[in-house]
Amino acid sequence: VQLQASGGGLVQPGDSLNLSCIVSGRTFRNYNIGWFRQASGKGREFVAAINWNSGNTAVEDSVKGRFTISRDNDRSTVYLQLKNLESEDTAVYSCAYRPAHSIVLVRPANLAEYDYLGQGTQVTVSS
């Protein structure tokens with residue numbers, strides 16, 4: 001499985017960005033895609049996840065209401081819409097893949113349970 005994240009950039013506080021994660025290769029019949037971010041000098045943290053078949057989502061509380069995750073089955077792409085960005089959102093954003101045996105997201109924030117983590121895209125929020 002290959003994951004290609006894109007859409008990052010340099011923006012000002014309050015701006016929006018749309019990140020994309022293209023999923024390719026041999027995937028399981030159902031799977032979860034998670035977005036994680038890592039700021040410089042900090043550990044990687046969970047942002048959001050989506051179940052491919054059901055569209056069920058999970059969003060970290062700290063970004064709920066500002067970040068939205070969605071998917072486009074035809075384009076094999078998962079999107080992460082970032083709104084009202086803050087300087088604390090500056091990080092490398094990466095998407096991860098794990099097979100799913102349920103339409104319910106189980107432990108979506110546990111990166112260790114994901115099989116693949118793609119290269120990230122840099123998001124920098126600065127005035």
Side-chain angles (χ1 to χ4, degrees):
V1 174
Q2 291 81 45
L3 305 165
Q4 181 63 49
S6 63
L10 172 62
V11 297
Q12 295 186 339
D15 285 352
S16 299
L17 276 175
N18 292 314
L19 307 185
S20 299
C21 174
I22 299 176
V23 184
S24 61
R26 193 166 184 171
T27 58
F28 193 62
R29 60 180 179 270
N30 187 24
Y31 52 92
N32 297 334
I33 297 295
W35 281 98
F36 294 81
R37 66 183 181 182
Q38 186 169 25
S40 179
K42 296 186 178 180
R44 190 169 278 117
E45 64 174 357
F46 171 74
V47 178
I50 190 166
N51 179 270
W52 190 259
N53 282 5
S54 67
N56 288 333
T57 63
V59 180
E60 177 61 30
D61 286 345
S62 64
V63 301
K64 199 170 289 184
R66 297 191 300 119
F67 292 6
T68 304
I69 187 170
S70 62
R71 91 263 196 243
D72 184 329
N73 296 58
D74 292 337
R75 289 184 167 85
S76 297
T77 301
V78 173
Y79 302 101
L80 185 67
Q81 184 181 44
L82 317 177
K83 291 183 177 179
N84 195 20
L85 283 160
E86 305 168 352
S87 58
E88 292 76 18
D89 297 317
T90 295
V92 175
Y93 287 71
S94 304
C95 50
Y97 162 98
R98 60 182 276 192
H101 302 279
S102 167
I103 61 172
V104 177
L105 289 164
V106 178
R107 294 183 299 278
N110 187 0
L111 182 59
E113 297 190 30
Y114 288 79
D115 290 351
Y116 299 96
L117 179 68
Q119 295 288 339
T121 184
Q122 175 72 47
V123 172
T124 302
V125 185
S126 175
S127 56

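- Side-chain contact between D89 and R66 is present, with heavy atoms from C-beta onward closer than 4.5 Å.
- Here Y93 contributes atom OH and T121 contributes atom OG1; the two are 10.5 Å apart, rounded to the nearest 0.5 Å.
- Residues Y79 and D72 meet the side-chain proximity criterion, which asks for heavy atoms closer than 4.5 Å.
- Nearest heavy-atom pair, N53 versus R71, reported as atom, atom and distance to 0.1 Å: O-NH2, 3.3 Å.
- Nearest heavy-atom pair across A5 and Q119 is CB-O, 3.5 Å.
- The shortest side-chain heavy-atom distance between V123 and R37 does not fall under the 4.5 Å cut-off.
- For the pair E113 and R107, the minimum side-chain heavy-atom distance is below 4.5 Å.
- Shortest non-hydrogen contact noted between T77 and S20 is CG2-CB, 4.0 Å.
- Rounded to the nearest 0.5 Å, atoms CD1 (I69) and CD1 (I33) are 8.5 Å apart.
- The side-chain heavy atoms of D115 and Y31, taken from C-beta on, include no pair separated by under 4.5 Å.
- Nearest approach of L10 to S126, heavy atoms of both residues: CD1-CB, 4.3 Å.
- Figure legend: cation-pi geometry between R98 and Y114, with NZ or CZ positioned under 6.0 Å from the six-membered ring centre and within 45° of its axis.
- Taking SG of C95 as the start and CD1 of I22 as the end, the distance is 9.5 Å to the nearest 0.5 Å.
- The hydrophobic cluster containing V11 also contains W35, counting ILVMFWY residues as joined when their side-chain heavy atoms lie under 4.5 angstrom apart, directly or transitively.
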